[in-house]
Amino acid sequence: MIWTELAAPLLVILCTLLVGSYLLEYIHGKAGTWLAGGGSYGFLMVFHRVTFKLHQQRISTEHPDSLNRLLAPALLLGLAAMGLSVVPWSRNFVPADIATGIVLWGAVEVLATVVIFLYGWSANAHFPLLAGYRYVSLGLSYMLVSMFVLIGVALPAESLRISAVVESQREVWNIIRQPLGLPLFLIVGLGLTFWGPLNFASPKELASGVSSDTSGPAYVMWELARRSMLVAFAFIAASAFLGGWLGPVLPGPVWLILKTTAVLTVLLVVGRLLPKISPDGFLTLAWVILLPLAFVDLIWAGVLALW
Amino acid sequence: MAVGLAQAMAKRAPVAVFAAVGRDSDALFAQLLLVPEVELVTSPRQASILLVVGNIPRTFVEQLETVHDQLPHPRGTVWWHATPLFSFRDQALEAVATTAQQAALGQLLREIQARLLSGTRESEPDLKSDVPPAPWPGKGDHGQGGEGMMGGMPYGRPMAMMGPDLRDGLQLDEWSFSVGPFYHALPPGLVAHVTLQGDVIQQWKIHSKPYPRSLRSVFMEALVAPVAIAELEAARAHDHLLLLARMLQLEELESLGYRALALAAQLISPSTYEEAIKSGAVLFRLLRVNGFLFLGGGIGRISARQAMDFGGFVARALGASEDFRNGNDAYRKLGFAPVCQQAGDLQARRIQLVAEIEQSLMLMRKARQSGSLFTADRIETLYGPLTADQMPLDKSDLLESLLAGHEWGDAVAVIGSLPIVAVVEQKESAA
Amino acid sequence: MDLVVLLVTPLFTSLLALAILLLSGRRNPGSSWPQRQPFLGGGSPDTHAWNRFHVRYYPMALLLIAFEMEMMFMYPWAAVYVAEGIKAMAEMGMFLGILSTGILYAWREGVFKWQ
């Protein structure tokens, strides 16, 4: 019983995060070279870069908060694993099928904000701290959009359980029923992992922000944690909006992986294409445009559920 | 064996390089971004090789040593078109000769990285002495006593003291530091002392102006004798594209920045002008679509007086439609009409820059077919008007008043959009 | 059992990551003082980084807390919404409307600017 209910799901989650992060980086590199019209990105390039970084020395800064510096990447990875554990892979295989899966995902997002800020804070260096400070404003803003959109998804399912949300999409996927939901949720995903246009915590203008004083294995671990969070997010997005493991011919997990890959590809191409928004601009955008759109989405979902 | 395999894998990674840019090297730096084996990183912590591009003035030796020591082991230094400022005993000094091209540079970097990984090349030791920057020497025997609230400096450096905030006079801690000559987001050579409250700049004092640049010879030739308009416009587009690539990279648009640089590289020799026009079309279509030209409104607005100092596309972004090519017969036949924007802020400058590059490419294409020539006593360049007795001057003092009150990211974007460096005569021809 | 999995998964993953970080740091040469200096493009800092700067977006955080409390009510509301019907929609609509005036007010007051 321990094997089927504890160890096997744990193994599945870890492998998914590792393989998912690798694939994500590969798709990111490929999207970059496609958009740049030049350069090349082989499949093993990620592996080469990672093994190289693992050979470098891990530098620390003057008087950092060493406990948090070590804990932050580990905790971010743990949060990603926790977020992924509520995703159903098939009718029978859900690592942790709790009745409040959506609430858990909200908690994961909030705690991720805390952890990312702590990482910038713990370095006791100027650029990381600036980047962490800017990230918190982003983190507080996208939280609400994400929660309203997920509650909208929970309405037809009459439950907060993610497997119930997937079951409620048997006739029609939520991306068709609630068209505003997935685009808003994708923006949240970009913000959660400070990717692309919402890269407040690791931007070029701050010499890679929270990572500007990280080197070697610590850098690999941080970037792995960040990408794992994006992978877990993509799984949740696929389950909540694209029908999760539902699909005609292929087995459930295969459908889930295909849908997640589609979500990731869209996110990564958009991340490469759109320019960075300034914190000021994003604050206004999130509260004045995105949040009312989330309200509209919720009202739409409510009306449709009672129809 | 596993170690050997891991090392073999690691040797095939692209070389993570931190570029310390010196004088007369913007053309080199633009080439560097196109070298496939090189991965330019923004922080020396993620690099393994410090690449010094162009000569570094003696005044910045200490800063270069600081950056060098910030690289993690195993590390090495390569001097490209630069005289070496430090060397280590028992080590081959990697000074790359002036005739080295990109491919040779890529190979050399790969080789050095491989040797560093396998241990055949020693990692370079620290250049500065291993003492804490501000030790905590309280007065007593056990470190107690001394001045300040803590009786010393417990976190390695002095504590930040309070200061008024520009926005509402609130007195909270303000932190200050000097941003050095090797910061990639600023023009190379610019040293500024910045005071921040949170991430809003309170004060920006220039300690050292950025290195002056030199223009391509076709601009100087146009002052004395007729030159082919195609060549002149290609050179203008090239300079503008380097600025655009810079701006795109600051906006996290690395792929589009790469496109802009590849396009600029195609504009160097006439044989690739045709491909340049085609790739230019793709780049501009992407820029229209992705919203780059919609951002930046209201930031970095300069006054009319300051815009006059700048000249060039900056002045035209404020509505001063003076363009020295206007009124010239050859240009009129090619269908030239000056473009200008009204707002004079960051967004207007971006729109103007993209519009002028497109215009230059269009003029270049038409001029190739018609073979028109042009000469005048005032030439339009990226940095402003060029005349026989006056080269564009350095305008970085403007930043002190312009940047106060801006958020850090906005301030960096504003600096990226203003061509503030001075122009000097080219001393010797670059290889 | 679900809760056990939920607890063990992040704990195990974090501990694994922590172990990897600590083990990889063991054959690390320690960082020397010149290596530890914060990266500022070659420049030097006058002060250490930790200081008391004003978190300018705290009014936005207050607004966020108001909406978070609404979200707390919406979680169970979402589960029983279809069963309760129009009444539930009306109630939540009123709640949302009242809080939205908060957003309008905050926008007018300039809370969403970076000042």
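Per chain, numbering begins at 1; letters A, B, ... match sequence-line order.
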Inset, instruction - Kindly indicate whether the side chain of S100(C), heavy atoms from C-beta on, has any atom under 4.5 Å from the side chain of F295(A). - result: yes

Legend entry - Part of S32(C) lying under 4.5 Å from any heavy atom of chain A: neither

Legend entry - Set of side chain to side chain donor-acceptor pair (under 3.5 Å) partners for S21(A), sequence neighbours left out: S228(A)

Using atom types as modelled, flag every donor-acceptor pair under 3.5 Å from a side chain in residues 71-95 of chain C to any protein atom, sequence neighbours excluded.
unit_1	atom_1	unit_2	atom_2	d
W77(C)	NE1	A88(C)	O	3.1
Y81(C)	OH	G302(A)	O	2.8

Legend entry - Any pair counted as salt bridge (Lys or Arg N to Asp or Glu O under 4.0 Å), so long as it reaches residues 60-77 of chain A, sequence neighbours left out: E62(A)-R157(B)

Inset, instruction - Would you check if the side chain of S24(C) reaches a backbone N or O of P217(A) as a donor-acceptor pair within less than 3.5 Å? - result: no

Inset, instruction - Evaluate the criterion side chain to side chain contact (heavy atoms under 4.5 Å, CB included) for residue pair I20(C) and M221(A); output intermediate values, then yes/no. - result: CA-CA 9 Å; I20(C) 295 177; M221(A) 189 56 75; 3.9 Å; yes

Inset, instruction - Kindly give the heavy-atom pair with the smallest separation between A17(C) and L77(A), and that separation in Å. - result: CB-CD2, 3.8 Å

Inset, instruction - Select one option (side chain, backbone, both, neither) describing which atoms of V136(A) are under 4.5 Å from chain C's heavy atoms. - result: both

Legend entry - Minimum side-chain heavy-atom gap L3(C)-I98(A) below 4.5 Å: yes

Legend entry - Side-chain heavy atoms of Q37(C) within contact of D213(A), under 4.5 Å: no

Inset, instruction - Identify which part of L76(A) has an atom lying under 4.5 Å from any heavy atom of chain C, answering side chain, backbone, both or neither. - result: neither

Inset, instruction - Working to the nearest 0.5 Å, report the span between CG of L206(A) and CZ of F39(C). - result: 11.0 Å

Legend entry - Atom group of Y57(C) that falls short of 4.5 Å from chain A, counting heavy atoms: side chain

Inset, instruction - Among P95(A), A154(A), A99(A), S212(A), single out the residue with the greatest number of heavy-atom pairs under 4.5 Å to chain C. - result: P95(A)

Legend entry - T13(C) side chain near I13(A) side chain, heavy-atom distance below 4.5 Å: no

Legend entry - Contact class of L298(A) relative to chain C, heavy atoms under 4.5 angstrom: side chain

Legend entry - Sub-4.5 Å side-chain heavy-atom contact between H63(A) and R36(C): no

Legend entry - Toward chain C, the part of V288(A) with a non-hydrogen atom under 4.5 Å: side chain

Legend entry - Which atoms of Y133(A) approach chain C - backbone, side chain, both or neither, heavy atom under 4.5 Å: both

Legend entry - Residue among L64(C), L96(C), L40(C) with most heavy-atom pairs under 4.5 Å to chain A: L64(C)

Legend entry - F148(A), part contacting chain C, at a heavy-atom distance under 4.5 Å: side chain

Inset, instruction - Look at the aromatic rings of W121(A) and W50(C) and report parallel, tilted or perpendicular, splitting at 30° and 60°. - result: parallel

Inset, instruction - To the nearest 0.5 Å, tell me how far E70(C) CD sits from I151(A) CD1. - result: 8.5 Å

Legend entry - N/O donor-acceptor pair under 3.5 Å between H126(A) side chain and T47(C) backbone: yes

Legend entry - Whether over 12 other heavy atoms sit under 6.0 Å from W107(C) CH2: no

Legend entry - Over all atoms of both residues, closest heavy-atom pair of S31(C) and S60(A): OG-N, 3.0 Å

Legend entry - Expected output: side-chain W287(A) to main-chain V111(C) donor-acceptor under 3.5 Å: no

Inset, instruction - Kindly say whether A74(A) contributes a backbone atom to a donor-acceptor pair with the side chain of S14(C) at under 3.5 angstrom? - result: yes

Legend entry - Contact listing (chain C partner; residues 78-87 of chain A; heavy atom under 4.5 Å): G78(A), A81(A), M82(A), S85(A), V86(A)

Legend entry - Donor-acceptor contact present, side-chain R58(A) to main-chain G30(C), <3.5 Å: no

Legend entry - Per-residue contact mode, L63(C) against chain A (heavy atom under 4.5 angstrom): both

Inset, instruction - Determine whether L140(A) and M60(C) make a side-chain contact, defined as any pair of heavy atoms from C-beta on separated by less than 4.5 Å. - result: yes

Inset, instruction - Check L10(A) against V8(C) and note the closest heavy-atom contact, atom names and distance. - result: CD2-CG1, 4.4 Å

Inset, instruction - Select one option (side chain, backbone, both, neither) describing which atoms of L14(A) are under 4.5 Å from chain C's heavy atoms. - result: side chain

Legend entry - L6(C) versus A96(A), closest heavy-atom pair with distance: CD1-CB, 3.8 Å

Inset, instruction - Evaluate the side-chain proximity of E68(C) to M147(A): yes if any heavy-atom separation is below 4.5 Å, no if none is. - result: no

